Amino acid sequence: MNSKILIRGARLLDPAQGLDAIQDIYVADGHIAALGGAPEGFEADEVIEAAGLCACPGLIDLRARLREPGDEKKGTIASETLAAASGGITTLCCPPDTDPVADSPALVKHIRGRVKSSGNRVRVFPLGALTRALDGEHISEMAALKEAGCHAVSNADRPMANTLVLRRAFEYATSLELPILLRSEDPWLSNGIVHEGTIGTRLGLPAIPAIAETIAVVRDLMLAEQTGARIHFCCLSTAGAIEEIAQAQQRGLPVTADVSAHQLYLTEMDVGHFNPHCHVRPPLRTQRDRDALRAALASGVITAICSDHQPHDRDAKLAPFPSTEPGISALETLLPLTLRLVDEGVLSPLEAIARLTLHPARVLGQALGSLEVGAIADICLFDPQRHWTVTEQGLLSRGKNTPFLGWELKGKVVATLLKGHVVFREEP
Amino acid sequence: MTASNLQLDEQGRLHHFLTIEGFNRRILTEILDNAEGFATVGSKQMKKAPLLRGKTIVNLFFETSTRTRTTFELAAKRLSADVVTINIAQSAVANKGESLLDMLHNLEAMHCDMFVVRHGESGAAHFIARHVAPHISVINAGDGRHAHPTQAMLDMFTIRRHKQNFADLKVAIVGDLMHSRVARSEIHALTTLGTGEVRVIAPKTLVPPAVSTLGVHVFHDLREGLRDVDVVIMLRLQRERMEGALIPSEQEYYHLYGLTEEKLAYAKPDAIVMHPGPINRGVEIESAVADGPQSVILEQVSNGIAVRMAVMAMALGRQPGTEREAQA
């Protein structure tokens with residue numbers, strides 16, 4: 001049963017309408033029924049008092065591992081969708097590198113079924129595998145994947161070495177109008193652990209040069225131009241790749257890109273003396289790269305920020321650095337880290353919210369990420385002034401692995417609505 | 001957490017010895033001075049000092065080693081400590097952090113005072129130091145490509161015995177710097193001790209790209225790089241490096257970077273030649289040089305005992321001349 005909800009007195013931040021104003025939100029039948037004044041005959045079943053809070057469209061995360069099926073000790077669909085809802089995320093894409101790989105309709109349906117049976121807190125878009133078993137050699141049954149509910153395809157973190165297969169995969173996906181989410185990386189140059197530069201030299205760790213990303217991005221841009229594929233680059237880390245993408249966009253190529261929130265704050269120096277929480281792929285780069293990522297975010301070359309959430313069990317980080325597993329538990333820090341860019345003068349409030357809502361919705365071609373009347377009522381309600389400290393106990397994700405432990409962040413989600421249902425509400 | 005405060009206790013005294021990076025000149029000089037005190041112990045009739053009587057030291061070798069393991073063992077024994085050496089080949093334990101930690105906690109439960117660790121992965125010694133009980137000292141006996149700080153200190157000790165003042169010296173390190181933990185530690189030690197000029201000589205494929213940020217000059221030509229140097233440190237070229245795209249062949253490497261008498265002549269006439277061992281004769285150095293009058297390679301080995309005694313004693317709060325206190 002859909003209840004009628006009134007959210008009273010919140011500051012609306014809706015980039016889709018260019019709206020930044022205090023207005024009441026009326027929710028009925030899972031949609032935004034009205035803004036400002038009540039629609040005729042509206043009787044709220046529930047009133048959420050939101051004076052002093054901000055309301056924005058529910059966040060859309062283009063890349064988050066849920067770890068199910070295959071690695072449930074790190075996270076389950078139940079644990080990670082709860083964490084996502086508590087972070088204000090209403091839609092997320094999970095890469096296909098589950099075990100088994102999401103290269104079949106059966107597995108995609110299984111994931112969607114588990115989301116439903118786990119409380120249905122978040123809209124999960126499983127990304128279909130671009131190649132069978134992500135082997136980079138055989139294109140997957142993309143039509144079947146699309147029918148099963150995939151809105152995009154991806155080869156997750158497995159590099160595509162074979163250019164011919166990549167071209168065919170681009171062409172095939174394009175004929176099905178499926179966007180392709182790529183994490184471009186040259187397989188031979190990326191056989192390392194940290195950025196090739198000061199840190200790799202100091203710590204004697206095998207290193208990944210910046211050109212491992214740039215070379216692959218250049219190749220993929222050329223193939224995109226050749227095939228007309230709709231390419232979205234995920235988790236960029238280098239100034240070089242951004243420059244190439246900016247030039248391609250200027251030529252009119254419809255390519256888009258995102259960056260993970262942690263790449264906007266951390267650099268290779270944060271690896272320090274083997275801090276395993278800073279072991280990530282792509283690796284943390286230089287300050288120059290970080291600044292270029294921020295500039296690209298401001299200029300619109302990069303339009304989305306993702307969490308690149310990768311929860312781990314404790315043991316995954318309890319080993320000498322090269323044996324630790326890469327990745328950060330990041331769902332619950334996505335919003336506050338993005339809001340911090342506003343305080344640091346990188347983005348305006350509306351621009352910041354757009355990079356978590358409107359733009360990722362466009363990448364997926366979905367009518368989401370808006371608070372317009374008639375839109376699906378996915379809403380994130382947060383307290384923009386609330387300071388909180390990241391602690392292991394405070395995180396709902398099964399993964400406590402984050403380099404932001406101990407950081408004081410500003411902005412805390414108070415309630416999350418998915419299709420007009422309250423799916424998360426902060427304990428009073 | 002910085003390396004220096006992980007390695008020092010609250011009073012600023014040596015607790016762990018993981019990497020040279022972060023130590024100041026005072027501490028490095030203190031190690032060298034203390035090693036001088038111990039250098040005489042080995043040559044005496046009675047080879048023991050009772051400084052670490054009652055202490056238990058565990059040598060944990062996850063990688064095979066003869067020289068380093070033996071000199072650590074001898075150093076501990078000459079300080080009268082009880083020593084256990086555990087050789088763990090590249091087994092499941094060596095590669096799994098969890099069981100590695102379990103093993104450490106088991107050893108802790110046996111009331112050990114010090115772990116001497118050699119491990120194939122960079123950062124292993126830091127990892128262990130972070131997770132052992134606070135009273136246990138960890139000495140890094142080589143971790144991956146990262147650091148081998150006692151080797152670097154015994155090389156500094158050897159240099160100081162021959163050359164005295166670091167500020168006047170030109171030192172060249174030749175060979176596979178990319179994969180060498182010895183070279184990384186030596187560079188930090190040499191620059192911290194104020195060495196006049198540190199050069200590295202190797203083909204570009206064997207030099208870490210950001211090595212100049214460590215304060216060294218890079219040369220690709222051996223003769224040019226050796227010109228007027230006081231100390232030549234040769235590095236071992238591991239045979240598996242030749243399988244990749246790093247160097248084309250042993251012959252070509254020897255032709256360009258093998259130290260021969262002819263090439264050594266470019267260095268100062270009284271230059272000393274060092275090598276951390278084991279030597280690949282005919283690959284990085286010719287026998288005439290390795291066994292020649294300028295070679296101090298065997299001296300390095302015996303100095304290794306004194307330096308390791310100094311580091312172990314300092315980490316466990318003892319210095320030469322404090323025997324009485326230790327006995328009391």
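So you know, we letter chains A, B, ... as the sequences are listed, proteins then strands, and number each from 1. Because the structure is predicted, anything quoted here is derived from the model rather than measured.
Of the atoms belonging to Pro209(A), not a single heavy atom falls under 4.5 Å from chain B. In this structure, the portion of Arg184(B) lying under 4.5 Å from any heavy atom of chain A is its side chain and not its backbone.
Within a 6.0 Å sphere centred on CG of Asp291(A), heavy atoms belonging to other residues, nucleotides or ligands number more than 12. Residue His105(B) qualifies as enclosed at atom NE2: its count of foreign heavy atoms under 6.0 Å is above 12.
Taking the ring centroids of Phe274(A) and His146(B), they lie under the 6.0 Å cut-off.
Looking at heavy atoms from C-beta onward, Ser122(B) lies out of side-chain contact with Ile193(A) at the 4.5 angstrom threshold. In this structure, the side chains of Arg145(B) and Leu205(A) stay at 4.5 Å or more apart for every pair of heavy atoms. Using a 4.5 Å cut-off on side-chain heavy atoms (C-beta onward), His273(A) and Gln7(B) make no contact. Residues Leu318(A) and His131(B) are in side-chain contact: their nearest non-hydrogen atoms beyond the backbone lie under 4.5 Å apart.
In plain terms, the two heavy atoms of Phe127(B) and Ala319(A) that are nearest each other are CE1-N, 3.1 Å. Between Thr198(A) and Ala210(B), the shortest heavy-atom contact is N-CB, 3.7 Å.
If you take CG on Leu203(A) and CD on Glu21(B), they are separated by 7.0 Å, rounding to the nearest 0.5 Å. With rounding to the nearest 0.5 angstrom, the CZ atom of Arg202(A) is 13.0 Å from the CD1 atom of Ile187(B).
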